[in-house]
Novice: 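One structure follows; several queries about it will come next.
For the numbers below, each heavy atom of this structure counts, side chains included, while hydrogens, waters and symmetry mates do not. Note that the coordinates shown come from a computational prediction; the quantities given were computed from them, not determined experimentally.
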Amino acid sequence: MSDSPPTPSASPVSSGSTGSTAATGSSSPVAPTSAAPAPGPARAVVLDVWCELQCPDCRGALDDLRALRDRYGDRLELRLRHFPLEKHKHAFAAAQAAEEALEQGQGWSYVEAVLGRVEELDRRGEPFLVEVADELGLDAEEFDTALIDGRHILIVDADQAEGKAIGVTGTPTYVIGGERLDGGKTQEGLRRRIEEITDRLLSEQA
C-alpha cells in the first residue's frame, strides 16, 4: 500500500450534447468598427454531478459539494445528473423525486436531505421520499402524484443513457471541462482537482 493519497482517475469526455460550437461567417462583408465590443458576462463553469440518492458514497461527497458552492458561488453551476444503480431498489424513484424537487425550486436541498438519511430510504422507500418533501415545505401531494404518473422518468432515463455513453459506471462521478472524475472509486483529492479545473476555466474567460 502506498503512503501517498491515491490520484483521482480522470478521463477525457466527449459528448454530442455539450461543448459544441456554432460556425460563424457571412456572405456579406462586415464593416470594421473603431472599437471592439465590450465582453459579455462570464459564463458559469458547469460541474455535472452524476449522483444516486441511495448511495452512501454520494452522501460522503456532500461536504465537498458544499465547499465548492461556498468557494465559487454562482461562478460554478452544479448540475444534478441521475445515475440510479440497479443494486439500490429505491434509487430510480428517488431520482424522479429529485427532479420534482428541482421543479419546485429546492432540488439540492432535497438531495441533501435524502442523502443524509440513506438508511431510511433503504427501509421505507417511496413514502420516505414524500415525507422529506413535506418536511421541506414542498407540495408533498404533487410529489406523490409525480411518482405515480412517472412524469420525470424520461429525464432520468436520458441522464442514465448519457452517463453510460461517456463511461460513468458508479456514483458520484463528476464531469467538468471535458474530464471525468470517478468519485465512486476514491474521493481523495477530487475536490482539489475540481478546483484546479474550475480556476483554469474561469481564468480562460477573463
Novice: Do Val111 and Ile155 belong together in a cluster built from hydrophobic side chains that touch within less than 4.5 Å?
Specialist: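 No, Val111 does not connect to Ile155 through the hydrophobic network.
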Novice: Going by salt bridge (Lys or Arg N to Asp or Glu O under 4.0 Å), name the residues that satisfy it together with Asp157, two or more places apart in sequence or in a different chain.
Specialist: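 Residues passing salt bridge (Lys or Arg N to Asp or Glu O under 4.0 Å) with Asp157: none at all.
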Novice: Considering residues at least two apart in sequence or located in another chain, which fulfil the salt bridge (Lys or Arg N to Asp or Glu O under 4.0 Å) criterion with Glu142?
Specialist: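 Applying salt bridge (Lys or Arg N to Asp or Glu O under 4.0 Å) to Glu142 gives Arg151.
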Novice: Does Glu188 come within less than 4.0 Å of Arg193, counting only side-chain N to carboxylate O?
Specialist: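 Here Glu188 does not pair with Arg193 in a salt bridge, since their nearest N and O are not under 4.0 Å apart.
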Novice: Which atom names give the shortest non-hydrogen contact between Asp199 and Arg71, and what distance separates them?
Specialist: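 In this case the closest contact between Asp199 and Arg71 is OD2-NH2, 3.0 Å.
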Novice: I'd like to know whether Cys58 forms a side-chain contact (heavy atoms from CB on, under 4.5 Å) with Leu53, so could you lay out the CA-CA distance, the side-chain angles of the two residues, the decisive distance to 0.1 Å, and finally the verdict.
Specialist: CA-CA 7 Å; Cys58 289; Leu53 270 64; over 6 Å; no
Novice: With sequence neighbours excluded, what pairs up with Arg200 under the salt bridge (Lys or Arg N to Asp or Glu O under 4.0 Å) test?
Specialist: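 By the salt bridge (Lys or Arg N to Asp or Glu O under 4.0 Å) rule, Arg200 matches Glu204.
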Novice: Any donor-acceptor pair under 3.5 Å linking the side chain of Gln54 with the backbone of Ala91?
Specialist: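 Yes; judged by distance alone, with no hydrogens or angles, the pair exists.
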Novice: Mind checking the CG-CD1 spacing from Leu78 to Ile176? Nearest 0.5 Å is all I need.
Specialist: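 Result: 8.5 Å between the selected atoms.
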Novice: Roughly how far apart are Leu147 CG and Gln96 CD, rounded to 0.5 Å?
Specialist: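 The CG atom of Leu147 sits 6.0 Å away from the CD atom of Gln96.
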Novice: Any ring-ring contact (aromatic ring centres under 6.0 Å, His included) involving residues 93-125? Give me the pairs, sequence neighbours left out, ordered by first then second residue.
Specialist: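 Passing the test, one end in residues 93-125: Tyr110-Phe143.
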Novice: Hydrophobic cluster membership, with links at side-chain heavy-atom distances under 4.5 Å among I/L/V/M/F/W/Y: are Leu102 and Leu62 in one?
Specialist: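 Yes, Leu102 and Leu62 fall within the same hydrophobic cluster.
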Novice: Using 4.0 Å as the upper bound for N to carboxylate O, is an ion pair formed by Arg191 and Glu195?
Specialist: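 Result for this pair is yes, salt bridge flagged.
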Novice: I would like to know whether Val114 and Leu129 meet side-chain contact (heavy atoms from CB on, under 4.5 Å); could you show each step before the answer?
Specialist: CA-CA 7 Å; Val114 173; Leu129 296 171; 4.3 Å; yes
Novice: Salt bridge or not between Glu77 and Arg43? Use side-chain N to carboxylate O under 4.0 Å.
Specialist: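 A salt bridge is absent here (no side-chain N lies under 4.0 Å from a carboxylate O).
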Novice: If you look only at pairs with a residue in residues 173-196, which of them pass as a ring-ring contact (aromatic ring centres under 6.0 Å, His included), with sequence neighbours excluded?
Specialist: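 Qualifying pairs: none.
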Novice: Is there a side-chain contact between Arg75 and Val45 (heavy atoms, below 4.5 Å)?
Specialist: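 No; the side chains remain at least 4.5 Å from each other.
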Novice: Using 4.0 Å as the upper bound for N to carboxylate O, is an ion pair formed by Arg79 and Asp159?
Specialist: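 The answer is no: the pair does not qualify as a salt bridge.
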Novice: Answer yes or no: is there a side-chain heavy-atom contact under 4.5 Å between Val49 and Arg81?
Specialist: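 The answer is no, as the side chains (C-beta and beyond) never meet within the 4.5 Å cut-off.
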Novice: Might you point out which heavy atoms bring Leu138 and Ala101 nearest each other, and give the distance in Å?
Specialist: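 Heavy atoms only, the tightest pair is CD1-CB, 4.3 Å.
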Novice: Between CD of Glu162 and CG of Asp48, what distance do you get to the nearest 0.5 Å?
Specialist: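 These two atoms lie 7.0 Å from each other.
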Novice: Is there side-chain contact between Leu47 and Tyr72, with heavy atoms separated by less than 4.5 Å?
Specialist: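 No; the side chains remain at least 4.5 Å from each other.
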Novice: If you group Ile, Leu, Val, Met, Phe, Trp and Tyr by side-chain heavy-atom gaps below 4.5 Å, do Val132 and Val118 land in one group?
Specialist: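 Yes, it is one cluster - the side chains of Val132 and Val118 are joined through contacts under 4.5 Å.
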Novice: In terms of heavy-atom contacts, does CG of Asp74 have more than 12 from other residues, nucleotides or ligands at under 6.0 Å?
Specialist: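 Atom CG in Asp74 is not crowded, with 12 or fewer foreign heavy atoms closer than 6.0 Å.
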Novice: Hey, does Thr169 have a side-chain heavy atom less than 4.5 Å from the side chain of Asp182?
Specialist: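 The answer is yes; the side chains approach within 4.5 Å.
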Novice: Asp144: what forms a salt bridge (Lys or Arg N to Asp or Glu O under 4.0 Å) with it, not counting sequence neighbours?
Specialist: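 Listed in chain order: nothing, the list is empty.
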Novice: Once side-chain hydrogen bond (donor to acceptor under 3.5 Å, both in side chains) is applied, do any residues pair with Gln160, and if so which ones, sequence neighbours excluded?
Specialist: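 In terms of side-chain hydrogen bond (donor to acceptor under 3.5 Å, both in side chains), with neighbours along the sequence ignored, Gln160 is linked to no residue.
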Novice: Establish whether Val46 and Val168 are linked, either directly or via other cluster members, by ILVMFWY side-chain heavy-atom contacts under 4.5 Å.
Specialist: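 Each belongs to a different hydrophobic cluster.
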Novice: With a 4.5 Å cut-off on side-chain heavy-atom distances among I, L, V, M, F, W and Y, is there a chain of contacts connecting Ile197 to Leu68?
Specialist: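 Yes, it is one cluster - the side chains of Ile197 and Leu68 are joined through contacts under 4.5 Å.
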Novice: How long is the gap from CG on Leu121 to SG on Cys55, to the nearest 0.5 Å?
Specialist: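 It comes to 11.5 Å.
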Novice: Can you check whether Leu85 reaches Thr171 side chain to side chain, under 4.5 Å on heavy atoms?
Specialist: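 Result yes, sub-4.5 Å side-chain heavy-atom pair found.
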Novice: Scan for side chain to side chain donor-acceptor pair (under 3.5 Å) pairs involving residues 84-94, sequence neighbours excluded, and state none if there are none.
Specialist: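 Passing the test, one end in residues 84-94: Glu52-His88.
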Novice: Taking side-chain hydrogen bond (donor to acceptor under 3.5 Å, both in side chains) as the test, write out the residues that go with Glu141, two or more places apart.
Specialist: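 Here no residue qualifies.
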Novice: Taking the side chain as every heavy atom from C-beta outward, state whether Glu103 and His152 have any atom pair closer than 4.5 Å.
Specialist: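 Of all side-chain heavy-atom pairs linking His152 with Glu103, at least one is under 4.5 Å.
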Novice: Determine whether Ile166 and Trp50 satisfy the following criterion, side-chain contact (heavy atoms from CB on, under 4.5 Å), listing intermediate values before the conclusion.
Specialist: CA-CA 11 Å; Ile166 64 173; Trp50 300 85; 3.9 Å; yes
Novice: Please enumerate all residues that pass side-chain hydrogen bond (donor to acceptor under 3.5 Å, both in side chains) together with Gln104, with sequence neighbours excluded.
Specialist: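 Counting only residues at least two positions away or on another chain, Gln104 forms a side-chain hydrogen bond (donor to acceptor under 3.5 Å, both in side chains) with Glu100.
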Novice: If you link ILVMFWY side chains whenever their heavy atoms are less than 4.5 Å apart, which other residues fall into the same cluster as Phe92? By chain and number, please.
Specialist: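 Answer for Phe92: Ile153, Val156.
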Novice: Please round to the nearest 0.5 Å and tell me the distance separating atom CG of Asp134 and atom CG of Asp139.
Specialist: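 Nearest 0.5 Å value for the CG-CG distance: 9.5 Å.
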Novice: Looking only at heavy atoms, which two atoms of Arg59 and Gly116 are closest? And how far apart?
Specialist: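 Here Arg59 and Gly116 meet closest at NH1-O, 3.9 Å.
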Novice: Report the residues that fulfil side-chain hydrogen bond (donor to acceptor under 3.5 Å, both in side chains) with Glu131, sequence neighbours left out, ordered by chain and then residue number.
Specialist: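 Partners of Glu131 by the side-chain hydrogen bond (donor to acceptor under 3.5 Å, both in side chains) criterion, ordered by chain and then number, come out as Arg124.
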Novice: Verify, without hydrogens or angle tests, whether Thr173 (side chain) and Gly170 (backbone) share a donor-acceptor contact under 3.5 angstrom.
Specialist: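 Yes; judged by distance alone, with no hydrogens or angles, the pair exists.
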Novice: Just checking, any donor-acceptor pair under 3.5 angstrom between side chains of Glu99 and His82?
Specialist: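 Per modelled atom types, Glu99 and His82 side chains form a pair under 3.5 Å.
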